[in-house]
*Asks:* 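Once you've had a glance at the structure underneath, I'll fire off some questions.
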Amino acid sequence: MLGLPLRRKKDDFRQAFTEFSKSLTLIIDLEQLKDNVISKIRECIRVDSIQIFLLNPDLNRFELAETRGLDIIKRSSLYFSSDEPLVRWFTINETHLLISEKPAVFSYFNEHEQGILSELKVTLISPLMVMNRITGLVCIGSKSDDSDYSPEEIELLDTLLGQASFAFENAFLYHQQKTRLKKMYRADRLATAGQLAAGAAHEIRNPLTSIRSTIQYLQKDFRDDNKRVLLDSLIEEVDRINEIIEGLLSFSKPSTPQTENVNLDYLLEQTLSLVATTAKKRNITVGYNFNAPEKTVNADTSQLKQVFLNIIMNALQAMDEGGFLSISVDLKKTNSFSGTPRESFYIMFRDTGVGIPPEHIEHIFDPFFTTKKDGTGLGLSISYGIIQQHGGEIEIESRTMSDYPKNHGTTVSIMLPIFKTAHNHHHTAGKKDGAEDTRG
């Protein structure tokens with residue numbers, strides 16, 4: 001009689017696994033896959049928390065991609081580097097780790113890794129593996145009833161995550177291909193919009209200049225103060241239209257960057273100092289971490305500051321009731337088409353704001369597209385052009401508060417190639433390498 005509940009439990013596990021395996025073949029959306037995997041784990045085993053770390057091949061590290069059961073705000077420091085002890089251990093052993101059974105292994109991990117596992121209250125870690133290559137890590141907390149994990153439960157998890165590994169790989173490859181097509185489509189669309197914008201701007205500017213000159217001429221004939229006030233208002237409106245035209249021209253034909261060797265760390269600190277008061281008024285904490293060993297980039301200082309200021313202000317305006325803005329800078333190493341090594345700064349702005357609806361993301365860089373009442377819709381368009389002029393890339397990902405109440409916000413990623421001139425005449429930074437700075 002004692003064996004009956006255990007057999008029934010095994011049958012339930014087997015049925016759940018069969019259903020899960022079938023559903024995996026139908027899922028190619030990465031977000032949906034993460035939700036599905038976590039839901040299935042919690043359906044089979046009642047656990048307090050689950051975190052999924054997925055490989056970011058650009059930075060060669062495993063970053064927190066999904067979490068359940070814990071409210072995590074500062075996500076930027078939650079990652080495992082591929083060349084550090086934890087990932088090396090899983091690469092060699094290719095199996096799960098129940099921390100309570102192998103405390104010596106936990107001691108082998110470095111201080112950063114131990115800190116993350118302790119903060120997330122991790123009890124069990126299972127690797128996601130494809131062809132002897134680790135593509136992710138699933139960190140699971142204690143069981144809700146505080147009982148130990150049974151061998152059957154761990155076996156189920158190993159089998160379930162073994163299937164999930166291939167699903168994640170397929171979803172990642174699909175996402176990569178989809179991203180490439182998006183970039184191509186966006187580049188063509190914005191190039192066409194730029195040509196139209198340039199033509200329209202020139203056609204509007206000429207009559208606008210005549211209108212302004214005529215109003216100024218007529219002002220001399222009016223001694224009535226009320227009428228002069230009306231004419232002044234007209235000139236202000238004409239000037240506002242002219243500013244929009246200037247923005248159109250900046251988008252369609254960005255000015256050639258006046259490049260010099262710039263200390264990127266110092267430039268970001270300068271930009272943050274400009275918004276410190278606004279962040280404090282809105283009860284927003286800003287975390288800044290410069291992780292790159294290199295600091296110098298050949299760029300146009302004013303243009304980059306314009307991009308950073310636009311992104312940061314957008315983030316602050318998305319957090320009406322306070323929140324957290326995380327800014328991090330890392331170094332990415334890739335190979336160019338010729339095969340020569342290439343280094344880029346990877347700059348990430350991540351906020352906990354309301355997020356951007358999926359239907360808006362596709363148009364976020366389009367000129368005049370805005371969700372703000374007083375916005376012109378040119379800020380991100382111009383930022384896109386500036387980054388392109390510097391040979392870089394800019395991408396935006398977002399989750400809305402309505403769809404993800406506990407894990408929402410927007411992430412803006414900028415890839416900026418490192419080009420340096422022979423003479424270094426950049427400003428010097430005022431803090432140590434990799435220092436953590438929290439503002440608010």
*Asks:* Would you tell me whether Thr95 and Asn93 have side-chain atoms, one donor and one acceptor, within less than 3.5 Å of each other?
*Replies:*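 There is no such pair (donor and acceptor under 3.5 Å, judged by atom type) between the side chains of Thr95 and Asn93.
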*Asks:* Would you confirm whether Asp265, through its side chain, and Lys295, through its main-chain N or O, come within 3.5 Å as a donor-acceptor pair?
*Replies:*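 Such a contact is absent between Asp265 side chain and Lys295 backbone.
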*Asks:* So for atom CD, which belongs to Glu94, do other residues, nucleotides or ligands contribute more than 12 heavy atoms lying within a distance under 6.0 Å?
*Replies:*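 More than 12 within 6.0 Å, yes.
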*Asks:* Would a distance-only check, ignoring hydrogens and angles, find a side-chain to backbone donor-acceptor pair under 3.5 Å from Asn110 to His112?
*Replies:*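 Here the side-chain-to-backbone pair exists.
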*Asks:* With rounding to the nearest 0.5 Å, note down the distance linking CG in Asn263 to CD in Gln270.
*Replies:*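 Atom-to-atom, Asn263:CG and Gln270:CD are 9.5 Å apart.
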*Asks:* Using a strict 4.0 Å threshold on nitrogen-to-oxygen distance, state whether Arg68 and Asp35 make a salt bridge.
*Replies:*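 Salt bridge present between Arg68 and Asp35.
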*Asks:* Give, for atom CG of Asn56 and atom CE of Met348, the distance between the pair rounded to the nearest 0.5 Å.
*Replies:*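 Separation between the atoms: 6.5 Å.
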*Asks:* Is it the case that the side chain of Gln303 and the backbone of Asp300 share a donor-acceptor pair, with hydrogens and angles ignored and the cut-off at 3.5 Å?
*Replies:*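 Side chain of Gln303 to backbone of Asp300: no pair is present.
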*Asks:* Among residues two or more places apart or on two chains, list those pairs meeting salt bridge (charged side-chain N to carboxylate O under 4.0 Å, His left out) that have a residue in residues 128-140.
*Replies:*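 Of all non-adjacent pairs touching residues 128-140, those that pass salt bridge (charged side-chain N to carboxylate O under 4.0 Å, His left out) are Arg133-Glu169.
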*Asks:* Identify, with sequence neighbours excluded, every residue that meets salt bridge (charged side-chain N to carboxylate O under 4.0 Å, His left out) alongside Asp320.
*Replies:*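 Salt bridge (charged side-chain N to carboxylate O under 4.0 Å, His left out) check on Asp320 returns Arg282.
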*Asks:* Please enumerate all residues that pass side chain to side chain contact (heavy atoms under 4.5 Å, CB included) together with Thr410, with sequence neighbours excluded.
*Replies:*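 Result, side chain to side chain contact (heavy atoms under 4.5 Å, CB included) vs Thr410: Asp351, Ile356, Ile396, Ser398, Val412.
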*Asks:* Closest heavy-atom contact between Asn60 and Ser82?
*Replies:*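 Nearest pair, atom of Asn60 first, then Ser82: O-OG, 2.9 Å.
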*Asks:* In chain order, what residues pass the side chain to side chain contact (heavy atoms under 4.5 Å, CB included) check against Ser165, with sequence neighbours excluded?
*Replies:*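 Side chain to side chain contact (heavy atoms under 4.5 Å, CB included) check on Ser165 returns Leu128, Val130.
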*Asks:* Quick check: are there more than 12 heavy atoms from other residues, nucleotides or ligands sitting under 6.0 Å from CD of Glu397?
*Replies:*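 Incorrect, the count does not exceed 12.
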*Asks:* Hey, could you give me each pair passing ring pair (Phe, Tyr, Trp, His ring centres under 6.0 Å) that has a residue in residues 132-168? Not counting sequence neighbours.
*Replies:*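 Every candidate ring pair (Phe, Tyr, Trp, His ring centres under 6.0 Å) pair involving residues 132-168 fails, so no pair, neighbours aside, qualifies.
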*Asks:* Check whether any side-chain heavy atom of Tyr346 sits under 4.5 Å from a side-chain heavy atom of Met415, and report yes or no.
*Replies:*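 Side chain of Tyr346 against side chain of Met415, heavy atoms only: contact under 4.5 Å found.
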*Asks:* Under 4.0 Å between a side-chain nitrogen and a carboxylate oxygen: does that hold for Glu119 and Lys121?
*Replies:*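 No, no charged N to carboxylate O under 4.0 Å.
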*Asks:* Is the shortest side-chain N to carboxylate O distance from Arg61 to Glu84 below 4.0 Å?
*Replies:*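 No salt bridge links Arg61 with Glu84.
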*Asks:* Do Thr352 side-chain atoms and Phe324 backbone N/O form a donor-acceptor pair below 3.5 Å?
*Replies:*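 Here the side-chain-to-backbone pair exists.
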*Asks:* Name the one of Ile327, Ile414, Ile347 that satisfies side-chain contact (heavy atoms from CB on, under 4.5 Å) with Ile311?
*Replies:*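 Only one option passes, and that is Ile414.
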*Asks:* Hey, does the side chain of Glu101 reach the backbone of Leu98 with a donor-acceptor pair shorter than 3.5 angstrom?
*Replies:*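 No.
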*Asks:* CD of Glu359: more than 12 outside heavy atoms within 6.0 angstrom?
*Replies:*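 It does: Glu359 CD has more than 12 such atoms within range.
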*Asks:* Closer than 3.5 angstrom, by distance alone: can the side chain of Lys34 be matched with the main-chain N or O of Ala65 as a donor-acceptor pair?
*Replies:*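 Present.
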*Asks:* Checking Thr271 side chain against Leu267 main chain: does a donor-acceptor pair fall under 3.5 Å?
*Replies:*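 The answer is yes, because a donor-acceptor pair under 3.5 Å joins these two groups.
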*Asks:* Scan for ring pair (Phe, Tyr, Trp, His ring centres under 6.0 Å) pairs involving residues 89-111, sequence neighbours excluded, and state none if there are none.
*Replies:*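 For residues 89-111: none.
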*Asks:* Side chains of Cys44 and Lys40: closer than 4.5 Å at any heavy-atom pair?
*Replies:*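 The answer is yes, as the side chains (C-beta and beyond) meet within the 4.5 Å cut-off.
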*Asks:* Aromatic contact between Tyr79 and Phe62, with the criterion being ring centroids under 6.0 Å apart: yes or no?
*Replies:*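 Judged by ring-centre distance (under 6.0 Å), Tyr79 and Phe62 do not meet the cut-off.
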*Asks:* Is it the case that the side chain of Glu113 and the backbone of Leu86 share a donor-acceptor pair, with hydrogens and angles ignored and the cut-off at 3.5 Å?
*Replies:*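 Yes; at least one donor-acceptor contact below 3.5 Å.
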*Asks:* Looking just at side-chain N and O atoms, do Asn298 and Thr259 make a donor-acceptor pair shorter than 3.5 Å?
*Replies:*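 Present: a donor and an acceptor within the cut-off.
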*Asks:* Quick check: does any side chain N or O of Glu294 sit under 3.5 Å from a backbone N or O of Thr296, one acting as donor and the other as acceptor?
*Replies:*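 Side chain of Glu294 to backbone of Thr296: a pair is present.
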*Asks:* Does the Ser118 side chain pair with the main chain of Gly115, one donor and one acceptor, at a distance under 3.5 Å?
*Replies:*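 Not at all, since once roles are kept as given, no pair shorter than 3.5 Å links the two residues.
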*Asks:* Between atom CZ of Phe308 and atom OG of Ser383, what is the distance when rounded to the nearest 0.5 Å?
*Replies:*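 With rounding to 0.5 Å, CZ (Phe308) is 10.0 Å from OG (Ser383).
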*Asks:* Mind checking whether Ile50 and Thr67 have side chains closer than 4.5 Å, heavy atoms only?
*Replies:*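 SC-SC contact between Ile50 and Thr67 ruled out.
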*Asks:* Would you say the side chain of Ser344 lies within less than 4.5 Å of the side chain of Leu416, judging by non-hydrogen atoms?
*Replies:*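 No, side chains not in contact.
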*Asks:* Kindly compute the distance separating CG (Leu331) from CG (Asn291), expressed to the nearest 0.5 Å.
*Replies:*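 The CG atom of Leu331 sits 10.5 Å away from the CG atom of Asn291.
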